[in-house]
4 protein chains.
Amino acid sequence: MDTNKQGKKPKEKTFTEKARSKQIIECTIDVITEIGYANTSIGKIAQKANVSKGVITYHFSDKEELMTGVVVDLYQKAAFFMEKHMQNPDNAIDMLRAYIVSNLLFIKENRKHVAAVIEIVTNDRNEQGELRFAGQEEAIYAPLEEIFQYGQEVEGTFRSFSKRFMAVMLRSAIDAAGDQLAKNDQFDIDLYAEELVTMYDRATRK
Amino acid sequence: MDTNKQGKKPKEKTFTEKARSKQIIECTIDVITEIGYANTSIGKIAQKANVSKGVITYHFSDKEELMTGVVVDLYQKAAFFMEKHMQNPDNAIDMLRAYIVSNLLFIKENRKHVAAVIEIVTNDRNEQGELRFAGQEEAIYAPLEEIFQYGQEVEGTFRSFSKRFMAVMLRSAIDAAGDQLAKNDQFDIDLYAEELVTMYDRATRK
Amino acid sequence: MDTNKQGKKPKEKTFTEKARSKQIIECTIDVITEIGYANTSIGKIAQKANVSKGVITYHFSDKEELMTGVVVDLYQKAAFFMEKHMQNPDNAIDMLRAYIVSNLLFIKENRKHVAAVIEIVTNDRNEQGELRFAGQEEAIYAPLEEIFQYGQEVEGTFRSFSKRFMAVMLRSAIDAAGDQLAKNDQFDIDLYAEELVTMYDRATRK
Amino acid sequence: MDTNKQGKKPKEKTFTEKARSKQIIECTIDVITEIGYANTSIGKIAQKANVSKGVITYHFSDKEELMTGVVVDLYQKAAFFMEKHMQNPDNAIDMLRAYIVSNLLFIKENRKHVAAVIEIVTNDRNEQGELRFAGQEEAIYAPLEEIFQYGQEVEGTFRSFSKRFMAVMLRSAIDAAGDQLAKNDQFDIDLYAEELVTMYDRATRK
DNA sequence: TATGAATGAGTTTTCATTCAT
DNA sequence: AATGAATGAAAACTCATTCAT
């Protein structure tokens, strides 16, 4: 049997159930982006979805499970996106460009969902007060560090710098685009991508 | 006088009151950094401070006022810090370095307070669901944009790039240091500062 | 749907919900008449009804809405009563008698509810401190003034006097019966009605 | 030693104390008439008086004592008023007129204080929920009943009617003037007095 | 599969009162 | 005589969760 955590077995969902779940997730995203994680309640989500509160706890046994649902849903979108935009550049410089461009494109296409997930990931905590989605750093920074490693040690096209720090900086610049987009719909993320590519090219190249 | 809720002018605080206020603000910072903004309640702060809930509302008529207190307190620390570390480099490259280094030093010295303020600023909303501390962007990006402007148009030592985008990227990299520090006390922010300086030197120089 | 607080349109109530609402209203009346409006709290009402506080806010989103419920309920009883006791005397003197007698009968039959509504109407205020049910004067005095007008100007059976003042006096005498009844269950309201009829006959007749 | 109730000895007040007390009572009257008894708190009174809450509890050991103060103060004003307007008509008809006219004049001259006292008297309750100023009925109705008695049984100028009922009606009509005045400053209480005199003349005369 | 109903814990806030100075 | 400080109880309201239907 597949359980995920603490004995909480995810219900095997039927087709209709999946549709409902998707709808609830959409409404959750709307509510979170509109009023923020701290003000989001199951009642307000139910209201937005025009269903009773019970429906939500029927489909997601927990508030926790619902929030996880929103996050996982974005992961799945990301996986799908990656598959579609798959390309394997043969050099570190192009890898880095591809990484930046595809990340910003994904954010652009999923801005609301991304914003909601950021709210959840930075706010949702367990009873001990620990961030429920903490400890994903390695998974986030690893791909970047690999590119840097390749450029520095295999190809020799990158200068010497701290791979982790560079990854932190780049990641923060990418995430900043999401913030800017959330605040200002006119933010020109394509132009931002171009500048970011140029900048990191200069910053990393030997 | 007993209250200050008429037109919201901040009450003239006595000496003892200031001490208590400070203490409450300290505890608020502790609680927020420990369990996050969304889980922070006046009750928990009172508990941490070992006083009754009433004490808090006696000194801060509102939760809103308390949160504002935490934010304003950091602003004051920042102003004081700036005065102390004041230096006026005569060229853009050194200005940029000074900006980065002093900012990271301030974050290093006030890591908890900074973390708490970020929690507040990104979460505290009014009844309409709008972020209460939104719309400070201009004030944040202006000093950086001025440095870039000087380097590009007066000195000619900086290449051509979008001043706003560059400011957004740099600011996000600086703030990322706070996040990293919050998660991991071992994070070597001095080294990070060095890398950041090098990187932005390369990224901006003609 | 889960709430009704958007624009304050009263929610469509189901059968069971109506029953609960009625029960809560009954208890509210009891509590108000027992300890007065100023001491009445949702907690005490819940206690009297032997339900949890939450039940009350589930059925009435607001204390305001609950109080309005109590008032509206009496209006409805009054409308029903009027329909049942409908009679259209063809002369002013009999109209006046009918008005007095039926009003006192209604008060007699609904003494507690009437007492509670008086408490609410004279005490329930909005955030600005204004009586929430103020400004109904015209609706209250109009029917009486019409009778006086008819007797004075159409029939000529009434002497000349200020219609408004006479209406104020008579209305106050009628409401006084409710007060007396609230204080003293032995108060003989039927006899009071007779005296009132006699008195106003003498006071108004040419 | 003179105690008033439940062992609560009224402090012997010095001259300055009396002045402060008066001032606090004035402010209490203002607050009550502005926002109603149920919303009146010591804090709000202190605010209005521009003193700290402590001052109030220093001069009045209790909220109860403060409210009593407001009521007693009006009684004293009334006693003083009566002394000044003393007249002893020798017949029931003139006594009744004098009663009505002087009562309405007193209300006119002390409208705010009267309104506040009505709020207190109809709302202030003890811990058992009983009106603290209840049971004054006899004192209120007695003088009127005496006049009626005199007119009916000594002089024979009044017809036969229930003395108590007539007193209730008249008293309610007089108090109604206070209500009207509270709601509408333009209310012509002198004219009202005239009508009331005429009316009760007709209603009572043989 | 959905919902209405109910619960009880927890939130912010207000308040009368007490007390040291 | 006055005040600032503190307290703790009680208020209204919100909410995640449970459950019978």
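Source: prediction; values computed, not measured. In what follows, chains carry the letters A, B, and so on, assigned in the order in which the sequence lines appear, proteins first and then strands, with residues in each chain numbered from 1.
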Peer 1: Examine E:dA6: is either OP1 or OP2 under 4.0 Å from a nitrogen or oxygen in the side chain of C:Y58? Give yes or no.
Peer 2: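 No, no such contact exists.
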Peer 1: Applying salt bridge (Lys or Arg N to Asp or Glu O under 4.0 Å), name anything that partners A:R20, two or more places apart in sequence or on another chain.
Peer 2: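 If we apply the salt bridge (Lys or Arg N to Asp or Glu O under 4.0 Å) test to A:R20, skipping adjacent residues, there are no hits.
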Peer 1: Between B:V51 and C:N39, which has a closest nucleotide on DNA chain F that is more 5'?
Peer 2: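 Result: B:V51.
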Peer 1: What distance separates A:Y58 OH from A:I24 CD1, expressed to the nearest 0.5 Å?
Peer 2: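 Answer for the OH-CD1 pair, A:Y58 versus A:I24, is 11.0 Å.
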Peer 1: What residues form a side-chain hydrogen bond (donor to acceptor under 3.5 Å, both in side chains) with C:E34, not counting sequence neighbours?
Peer 2: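 For C:E34 the side-chain hydrogen bond (donor to acceptor under 3.5 Å, both in side chains) partners, ignoring immediate neighbours, are C:K48.
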Peer 1: Out of F:dG8, F:dC15, F:dA2, which has the shortest distance to the side chain of A:S41?
Peer 2: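 Selected nucleotide (nearest to the side chain): F:dC15.
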Peer 1: For C:F60 and E:dA6, what is the distance between atoms CZ and C1' respectively, to the nearest whole Å?
Peer 2: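 From C:F60 CZ to E:dA6 C1': 15 Å.
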Peer 1: Would you mind reading off the distance between D:Q23 atom CD and F:dA1 atom P, rounded to a whole angstrom?
Peer 2: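 Value for this atom pair: 14 Å.
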Peer 1: Taking side-chain contact (heavy atoms from CB on, under 4.5 Å) as the test, write out the residues that go with C:E127, two or more places apart.
Peer 2: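 Listed in chain order: nothing, the list is empty.
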Peer 1: Can you measure C:I45 atom CD1 to F:dC13 atom C1' for me and round it to whole angstrom units?
Peer 2: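 One finds 14 Å between C1' of F:dC13 and CD1 of C:I45, rounded.
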Peer 1: Is D:K44 close enough to E:dC15 that one of its side-chain N or O atoms is under 4.0 Å from OP1 or OP2 there?
Peer 2: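 Indeed, a polar side-chain atom of D:K44 lies that close.
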Peer 1: How would you list, by chain and number, every residue that makes a salt bridge (Lys or Arg N to Asp or Glu O under 4.0 Å) with B:R125, sequence neighbours excluded?
Peer 2: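 Partners of B:R125 by the salt bridge (Lys or Arg N to Asp or Glu O under 4.0 Å) criterion, ordered by chain and then number, come out as A:E119.
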Peer 1: Can you sort out the partners of C:N50 under side-chain hydrogen bond (donor to acceptor under 3.5 Å, both in side chains), two or more places apart, ordered by chain and number?
Peer 2: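 Per chain and number, C:N50 pairs via side-chain hydrogen bond (donor to acceptor under 3.5 Å, both in side chains) with no residue.
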Peer 1: Could you tell me which residues satisfy side-chain hydrogen bond (donor to acceptor under 3.5 Å, both in side chains) with D:D124, sequence neighbours excluded, listed by chain and number?
Peer 2: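 D:D124 satisfies side-chain hydrogen bond (donor to acceptor under 3.5 Å, both in side chains) with D:Y37, D:R132 once adjacent residues are dropped.
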Peer 1: List for me each residue that meets side-chain hydrogen bond (donor to acceptor under 3.5 Å, both in side chains) alongside B:Q47, sequence neighbours excluded, and say none if there are none.
Peer 2: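 Result, side-chain hydrogen bond (donor to acceptor under 3.5 Å, both in side chains) vs B:Q47: none returned.
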Peer 1: Search all heavy atoms of D:S21 against all heavy atoms of D:H59 and return the closest pair with its distance.
Peer 2: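 Minimum heavy-atom separation between D:S21 and D:H59: OG-ND1, 4.0 Å.
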Peer 1: May I have the distance from B:I56 (atom CD1) to E:dC15 (atom P), rounded to whole angstrom?
Peer 2: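 The distance from CD1 of B:I56 to P of E:dC15 comes to 19 Å, rounded to the nearest Å.
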Peer 1: So what is the 5' to 3' dot-bracket string for DNA chain E, if pairs are Watson-Crick or G-U wobble with both distances under 3.5 Å, crossing pairs use [ ] and | means the partner sits on another strand?
Peer 2: .||||||||||||||||||||
Peer 1: From the options B:I32, B:D30, B:V31, select the one residue that forms a side-chain contact (heavy atoms from CB on, under 4.5 Å) with B:T28.
Peer 2: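 Looking at B:I32, B:D30, B:V31, the match for B:T28 under the side-chain contact (heavy atoms from CB on, under 4.5 Å) is B:I32.
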Peer 1: I'd like to check the side-chain contact (heavy atoms from CB on, under 4.5 Å) partners of B:K22; sequence neighbours left out, ordered by chain and number.
Peer 2: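 Partners of B:K22 under the side-chain contact (heavy atoms from CB on, under 4.5 Å) test: B:D73.
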Peer 1: Can you see if the side chain of B:H59 gets near the phosphate of F:dA6 - specifically, an N or O under 4.0 Å from OP1 or OP2?
Peer 2: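 Answer yes for this pair, as a side-chain N or O of B:H59 is under 4.0 Å from OP1 or OP2.
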Peer 1: Between atom OH in B:Y37 and atom C1' in E:dT11, what is the gap in whole Å?
Peer 2: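 In whole Å, E:dT11 C1' lies 12 Å from B:Y37 OH.
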Peer 1: Just the rounded figure in Å: distance from C1' of E:dT7 to CD of C:Q47.
Peer 2: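 After rounding, the gap between these two atoms is 16 Å.
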Peer 1: Flag the pair C:I29 / C:V70 as yes when at least one side-chain heavy-atom distance between them is below 4.5 Å, and no otherwise.
Peer 2: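 Result yes, sub-4.5 Å side-chain heavy-atom pair found.
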Peer 1: Between F:dA6 and B:R20, is there an OP1 or OP2 to side-chain N/O distance shorter than 4.0 Å?
Peer 2: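 For F:dA6, OP1 or OP2 has a side-chain N or O of B:R20 closer than 4.0 Å.
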Peer 1: Strictly under 3.5 Å: I want the nitrogen or oxygen pairs between protein and nucleotides 17-21 of chain F, one per line.
Peer 2:
from	atom 1	to	atom 2	distance (Å)
F:dT17	OP1	A:D62	OD1	3.4
F:dT17	OP2	A:K63	N	3.0

Peer 1: In whole angstrom, give the distance that lies between atom CD1 of A:I24 and atom C1' of E:dT1.
Peer 2: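 Those two atoms, CD1 and C1', are 11 Å apart.
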Peer 1: A:I35 has an atom CD1; how far is it from atom C1' of F:dC15, in whole Å?
Peer 2: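 Rounding to the nearest Å, CD1 of A:I35 and C1' of F:dC15 are 13 Å apart.
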Peer 1: Which ones in residues 116-131 of chain B lie close to DNA chain E, meaning a heavy atom under 4.0 Å from one of its atoms?
Peer 2: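 DNA chain E contact set from residues 116-131 of chain B: none.
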